[in-house]
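The chains referred to below are lettered A, B, ... by the order of the sequence lines, with proteins before strands, and numbering in each begins at 1. Atoms considered below: every heavy atom in the structure, side chains included; atoms not considered: hydrogens, waters and symmetry mates.
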Amino acid sequence: MTGVPETDTVVGVLKQGERTKQRVPNERTILEAVRLALARVLEEDENVLLFGEDVGVNGGVFRVTEGLQKRFGERRVFDTPLAESMLIGTAVGMAAMGLRPVVEIQFMGFCPPALDQVLCHAARLRNRTEGVLSCPLVIRMPYGGGIHAPEHHSESTEALFAHLPGIRVVVPSSPKRAYGLLLAAVRDPDPVVFLEPKREYRSFFETVEDDGIALPLDTSFVLREGDALTLVSWGAMMRETLEAARVLETSEGRSADVVDVATLGPTFDFGTILRSVEKTGRCVIVHEATLTGGFGAEIAARLADEGLTSLQAPVKRVTAYDTVMPLPRMEHLQMPTAERVLNAARHVLSF
Amino acid sequence: MSGTRIGKVTFDLHLHRFLDERGAVVKKPLPPFAEDPSELLSMYRWMVLARVFDAKAVNLQKTGQLGTYPSVLGQEAVSVAIGSVMRSDDVFLLQYREGGALFMRGVPLQALFLFWGGDERGSAEIARHGNFPVCIPIATHALHAAGAAFAFKYRGESRIAVCALGDGATSEGDFYEALNWASVFLAPVVFVISNNQWAISVPRQKQTAAPTLAQKAVAFGMPCVRVDGNDIIAVRHILGEACAAARAGKGPVLVEAETYRLGDHTTADAGSAGRYRSVEEVSAATEREPIARLRAFLTSRGMLRGEDDAEICASIEAGVEAEKDAYLRIVKDAPRQCAAMFDHLYASLPPSVARQKAEFIREKGDAP
């Protein structure tokens, strides 16, 4: 698999609470791009259903699904009783019988009751029936901190899912990738956990054409090219990572490859990371999840295994600390900052 | 507030039965199928087949030729009743004591031997006949049943889902969530609790303070019914009505079939009688078992003579023995390719896992 070089053309940044800055029609936020992709898959495939808690009339607590019930009817887009294991368990049954359920778990912090169904069934139905039954379902979850939400509303537990053979964890970091990767996730014949970086839902917009063209899964995206070091991240943390790369280049003249891993789990695209590190010799991995057993550990281990002779410095990880996500007053202290990424980058560049 | 306002709500859930423990008719008229000798003899044969398979499986485990196996001894009537009322395009979601229904749905005996013998191909074969694979975690499949039924309703099909669970499963959250979903969306699914009184070593009385398991449906606005699970005429009749209701768009039904697990929980639980339940309890339950009951009824009606019964049992014994031999031949001559364990994780083998497969083959070869 090759990484797809891509220059992000961020055409605007929205301030907190600002939803309707003057934009041309195809300029969309991540939230709008997700909605656009959902509408597209509902339009193109009668087997696609969208359900969850408050996704119907209310349009979701973040309004991602706003207007979709009105457009596609209550048969296709509907509210359910409030139970996370039920959401995924019933979706497994539907998917095995030929539907393509797209299920919303309202916040990733509430996913643990559903983990049983993901781990014991969605991930293994194909394997235990040698492909007679399969499980083409998408589990959408807003994840991550930075929106000053109550307890259990700011988690980044992607590594719990990325550990599971049979699962893909897909995390977009821009409106374009949200659109293209969600199309790919819904059309894919296997289960996908689709994590939406909720802090970035409305933070910036870019041009997203509703062309129905999916982006590839299991593929990392090279967002910036450089030669001094490799910065690796995904989802919301691409913002801090790209910011650090810009500062490094403008103030210190050191350019970085910035890789958005995008698909986590057993199918992830390590090749793009390895090729970059073979060029730069240095790597910093950034993620919002806690340190120990985070997906960054897998990337670092693979670099130690397959890229050791290219490395000129230790692989550093910039992550949340191994503690519980604090309540909003201190959450910014737990989340990695561009400054911490910069410090780690300077450290690996000092070797 | 007066204390009298708080009190137990009680439900009068009659236990349906046509035959008493000795096979005598206690309720008339019998349903039409019970007047048809060929129908009754067919169910009799399937129950005997399930029991002979069971004994064979337990023996294979004891001689190291099968993995851990859960016996169905004493519960054959519920499973065969399920098999009798389901259509081939319905979908069956099961726990692990449903050989009777699986065989009636076309699953070869050797496939079930193969599954309990530890080979995924057995599980795949079960799934090829309109069944979900055997669900080992408790009650998680109740949700799959609710979802599968939802899919049938969504597409306007007349198919239904039938979900078999045990009494222990009624304590799991997924069971309640499944009942709730099915009721809210009027999903065409019949949940059948094969209440065999024991969840490994925990008796039914310790699972719930509710007097019956069927009444759990009341909280969801769902119809429910209790039936003597060792009276095949009653359990088939009730399941037939439940399936007809589901198929007619009336939504889900919860059926509690009272039976008894005469065997151990699994072969890993040998000697359960005398450890957590008394030998007397098990031998008393043996008096109520379903095959002897139907045999007594058939004999009293002149539908089964002793010599015919012996012939039926001998031919079933020979058939099961042949399937056992076929299973052992597969294990010996056509074992699963080792590298197959990589091949069905995803629709297509991802490069990252392909590398591991290649490494595996380099180290161990692809030979089974």
If you apply the rule ring-ring contact (aromatic ring centres under 6.0 Å, His included), what do you find for W181(B) with F51(A), and how did you get there? CA-CA 12 Å; W181(B) 172 284; F51(A) 59 91; 5.6 Å; yes

Should the heavy atoms of other residues, nucleotides or ligands under 6.0 Å from NE2 of H129(B) be counted, would the total exceed 12? yes

Is it true that atom CD of E278(A) has more than 12 heavy atoms of other residues, nucleotides or ligands lying nearer than 6.0 Å? yes

Just so I understand: if I count every heavy-atom pair under 4.5 Å between each of R76(A), R124(A), R75(A) and chain B, which residue has the most? R75(A)

Hey, which of G98(A), P189(A), S85(A) has the most heavy atom pairs under 4.5 Å with chain B? S85(A)

If I compare all heavy atoms of [X] with all of [Y], which pair ends up nearest, and what's the gap?
| X | Y | answer |
| --- | --- | --- |
| G60(A) | E104(A) | CA-OE2, 4.4 Å |
| A124(B) | E130(A) | CB-CB, 3.9 Å |
| L345(B) | D190(A) | O-OD1, 4.4 Å |
| E53(A) | Q106(A) | O-NE2, 3.2 Å |

Separation between [atom1] of [X] and [atom2] of [Y], rounded to the nearest 0.5 Å:
| X | Y | atom1 | atom2 | result |
| --- | --- | --- | --- | --- |
| C283(A) | I299(A) | SG | CD1 | 7.5 Å |
| R100(A) | D188(A) | CZ | CG | 7.5 Å |
| K216(B) | F175(B) | NZ | CZ | 7.5 Å |

Which region of [X], side chain (C-beta onward) or backbone (N, CA, C, O), has a non-hydrogen atom less than 4.5 Å from a non-hydrogen atom of chain B, or is it both or neither?
| X | result |
| --- | --- |
| L137(A) | neither |
| D116(A) | side chain |
| S134(A) | neither |
| L49(A) | side chain |
| Q117(A) | side chain |
| N127(A) | both |
| L99(A) | both |
| P266(A) | both |

So which residue, [options], ends up with the most heavy-atom pairs under 4.5 Å with chain A?
| options | value |
| --- | --- |
| A187(B), A347(B), A161(B), G173(B) | A347(B) |
| R128(B), E125(B), Q356(B), R155(B) | R155(B) |
| F150(B), Y154(B), F185(B) | Y154(B) |

Could you tell me which residues in residues 132-144 of chain B have at least one non-hydrogen atom under 4.5 Å from a non-hydrogen atom of chain A, sorted by residue number? F132(B), P133(B), V134(B), C135(B), P137(B), T140(B), L143(B), H144(B)

For a side-chain contact (heavy atoms from CB on, under 4.5 Å) with F220(B), tell me which candidate from L254(B), V184(B), N180(B) qualifies. N180(B)

Which bit of D119(B) comes within less than 4.5 Å of chain A, counting heavy atoms only: side chain, backbone, both or neither? neither

Sort R159(B) into side chain, backbone, both or neither according to what part of it lies under 4.5 angstrom from a heavy atom of chain A. side chain

Please step through side chain to side chain donor-acceptor pair (under 3.5 Å) for the pair S220(A) and T272(A), ending with a clear verdict. CA-CA 6 Å; S220(A) 298; T272(A) 297; 4.8 Å; no

What pairs with F152(B) under ring pair (Phe, Tyr, Trp, His ring centres under 6.0 Å), at least two apart in sequence or on another chain? none

